[in-house]
Participant: 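I'd like to ask you about the structure that follows.
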Amino acid sequence: LDVLSVGPTFYCGASRELSTLKAGLEAATQFMNATLYVDSGTYDLISEFGSAWFEALDGTKTLVGLQLKNRVHVIFSPNSKVVSNYTGDNEYAQSLYSPFNAGEYGFTLENLTLECSRCRYAIHDERNGGTELYKSHYINCNVYIDNSENDYWSSRCGIGGGLGANAAVVIENCVWGSDNPDTSNARN
């Protein structure tokens, strides 16, 4: 599953042309094997998508949120943080939206710090039986999910996945937490 070819490099942050994480990922994932460097700062996905986007969600789309695909490698600054704390009342935002979603051919997330609430999973690593060679690689990630106030989805999984037919999932040096200390693990 490792590919030697190197794709283009992108940068996102407050002082960059691609100022949001959403814009950075949308640009980088148009190419195979791209690298996205995420500058220090806080990236609020609720603001980046906008409240109208969340309120318009309905049951017609699943795996909604940021898409990680085409073997993108996202490298976060140690001083960066992604937050996604939904406060609206749309049941589909609470039951179908995840801050990050797996896409075709997989991805690498490195140094991600993510805090989220009232969403499906922190990362929905789901390929719905896709048959392409696929790898999701998590390196030095720190993920926390709080679904104690979610009216439509009770999972507290940092990663929820059904995977694909040819998948490899590698988790290295990561911390997974949730609002429920009795949860036996943070992955589903």
Participant: About how many Å separate CH2 of Trp53 and CD of Glu48, when rounded to the nearest 0.5 Å?
Facilitator: 11.5 Å

Participant: Is it the case that His137 and Glu110 place a side-chain donor and acceptor less than 3.5 Å from each other?
Facilitator: no

Participant: Following the transitive rule for hydrophobic clusters with a side-chain heavy-atom cut-off under 4.5 Å over Ile, Leu, Val, Met, Phe, Trp and Tyr, establish whether Ile159 and Val170 coincide in one cluster.
Facilitator: no

Participant: Supply the members, apart from Tyr105, of the Ile/Leu/Val/Met/Phe/Trp/Tyr cluster built from side-chain contacts under 4.5 Å; use none for a lone residue.
Facilitator: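 ILVMFWY cluster around Tyr105 also holds Met32.
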
Participant: Do Asn173 and Ile139 come within less than 4.5 Å of each other through their side chains, counting heavy atoms only?
Facilitator: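 No, side chains not in contact.
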
Participant: Go through the steps for Ile145 and Trp176 under the test side chain to side chain contact (heavy atoms under 4.5 Å, CB included), then give the verdict.
Facilitator: CA-CA 8 Å; Ile145 184 169; Trp176 307 95; over 6 Å; no

Participant: Please check: side-chain N/O of Thr29 versus main-chain N/O of Leu25, any donor-acceptor pairing under 3.5 Å?
Facilitator: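 Yes; at least one donor-acceptor contact below 3.5 Å.
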
Participant: Do you reckon Val175 sits in the same ILVMFWY cluster as Val83, going by side-chain contacts under 4.5 Å, direct or chained?
Facilitator: no

Participant: Quick check on the hydrophobic clustering: are Leu21 and Phe31 connected, directly or via other members, by side-chain heavy-atom contacts under 4.5 Å?
Facilitator: yes

Participant: I need the minimum non-hydrogen distance between Val82 and Leu112, along with the two atoms involved.
Facilitator: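 It is CG2-CD1, 3.8 Å.
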
Participant: Under 6.0 Å from the CD atom of Glu17, do we count more than 12 heavy atoms belonging to anything else shown?
Facilitator: no

Participant: Measure across His124 and Leu63 and return the closest heavy-atom pair with its distance rounded to 0.1 Å.
Facilitator: ND1-CD2, 3.1 Å

Participant: Decide yes or no on side chain to side chain contact (heavy atoms under 4.5 Å, CB included) for Phe54 and Asp89, but give the supporting numbers first.
Facilitator: CA-CA 9 Å; Phe54 282 96; Asp89 60 3; over 6 Å; no

Participant: Are Tyr37 and Leu114 connected, step by step, through hydrophobic side chains (Ile, Leu, Val, Met, Phe, Trp, Tyr) whose heavy atoms are closer than 4.5 Å?
Facilitator: no

Participant: In Å and rounded to the nearest 0.5 Å, what is the OH to SG distance from Tyr152 to Cys119?
Facilitator: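 Going from OH on Tyr152 over to SG on Cys119, the span is 15.5 Å.
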
Participant: Taking Asn33 for the side chain and Asn70 for the main chain, is one N or O donor matched with an acceptor at less than 3.5 Å?
Facilitator: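 Checking the backbone N and O of Asn70 against the side chain of Asn33, no donor-acceptor pair under 3.5 Å is found.
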
Participant: Working to the nearest 0.5 Å, report the span between SG of Cys174 and CG of Asn142.
Facilitator: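 If we round to the nearest 0.5 Å, Cys174:SG and Asn142:CG are 8.5 Å apart.
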
Participant: Answer whether the closest heavy-atom distance between the side chains of Leu36 and His73 falls below 4.5 Å.
Facilitator: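 Side chain of Leu36 against side chain of His73, heavy atoms only: no contact under 4.5 Å found.
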
Participant: Apply side chain to side chain contact (heavy atoms under 4.5 Å, CB included) to Val72 and Thr108, showing your working.
Facilitator: CA-CA 6 Å; Val72 68; Thr108 298; over 6 Å; no

Participant: What are the two closest heavy atoms between Pro8 and Phe10, and how far apart are they?
Facilitator: CG-CE1, 3.7 Å

Participant: Would Trp153 and Asn147 satisfy side chain to side chain contact (heavy atoms under 4.5 Å, CB included), going step by step from the backbone distance to the final call?
Facilitator: CA-CA 8 Å; Trp153 191 260; Asn147 262 348; 4.1 Å; yes

Participant: Please report the interatomic distance CG(Leu96) to CG(Asn101), rounded to the nearest 0.5 Å.
Facilitator: 10.0 Å

Participant: Do Asp146 and Ser148 get their side chains close enough for a donor-acceptor pair, meaning under 3.5 Å?
Facilitator: yes

Participant: Spell out, as yes or no, whether a donor-acceptor pair under 3.5 Å connects the side chain of Arg118 to the backbone of Gly88.
Facilitator: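 Yes, because the side chain of Arg118 sits within donor-acceptor range (under 3.5 Å) of the backbone of Gly88.
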
Participant: Answer yes or no: does atom CD of Glu149 have more than 12 heavy-atom neighbours from other residues, nucleotides or ligands under 6.0 Å?
Facilitator: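 Count not over threshold, so no.
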
Participant: Tell me the closest heavy-atom pair linking Tyr134 and Ala102, and the distance in Å.
Facilitator: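 Smallest interatomic distance, heavy atoms only, reads OH-CB, 3.2 Å.
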
Participant: Is the distance from the ring center of Tyr138 to that of Phe107 below 6.0 Å?
Facilitator: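 Ring centres of Phe107 and Tyr138 closer than 6.0 Å.
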
Participant: Treating Asn111 as the side-chain partner and Ser77 as the backbone partner, does any N or O pair qualify as donor plus acceptor under 3.5 Å?
Facilitator: no

Participant: Assigning hydrophobic clusters by single linkage (Ile, Leu, Val, Met, Phe, Trp, Tyr; side-chain heavy-atom cutoff under 4.5 Å), is Tyr11 placed with Ile75?
Facilitator: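 Yes: a chain of side-chain contacts under 4.5 Å links Tyr11 to Ile75.
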
Participant: Using the side chain to side chain donor-acceptor pair (under 3.5 Å) criterion, which residues pair with Tyr43? Sequence neighbours excluded.
Facilitator: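 Tyr43 satisfies side chain to side chain donor-acceptor pair (under 3.5 Å) with no residue once adjacent residues are dropped.
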
Participant: Do Glu132 and Arg127 come within less than 4.5 Å of each other through their side chains, counting heavy atoms only?
Facilitator: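 Yes - at least one pair of side-chain heavy atoms lies under 4.5 Å apart.
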
Participant: Would you confirm whether Arg156, through its side chain, and Ser178, through its main-chain N or O, come within 3.5 Å as a donor-acceptor pair?
Facilitator: no

Participant: Taking the side chain from Arg120 and the backbone from Ser98, do they hold a donor-acceptor pair closer than 3.5 Å?
Facilitator: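 Such a contact is absent between Arg120 side chain and Ser98 backbone.
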
Participant: Between the side chains of Asn85 and Glu115, is a donor N or O closer than 3.5 angstrom to an acceptor N or O?
Facilitator: yes

Participant: Using side-chain heavy atoms (C-beta onward) and a distance below 4.5 Å, is Val74 in contact with Val38?
Facilitator: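 In contact.
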
Participant: Got a second to check how far Asn150's CG is from Glu91's CD, nearest 0.5 Å?
Facilitator: 10.5 Å

Participant: Under a plain distance cut-off of 3.5 Å, with no hydrogens placed, do Ser136 and Asp125 share a side-chain donor-acceptor pair?
Facilitator: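 Judged by distance alone, the side chains do pair up.
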
Participant: Could you report the tightest heavy-atom contact between Pro99 and Tyr121, atom names first, then the distance?
Facilitator: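 Reported closest heavy-atom pair: CD-O, 3.2 Å.
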
Participant: Where is the tightest heavy-atom contact between Ala122 and Val143, given as atom of each residue plus distance?
Facilitator: CB-CG1, 3.4 Å

Participant: Quick one: pull up SG in Cys141 and CG in Leu109 and give me the separation to the nearest 0.5 Å.
Facilitator: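 That separation rounds to 5.5 Å.
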
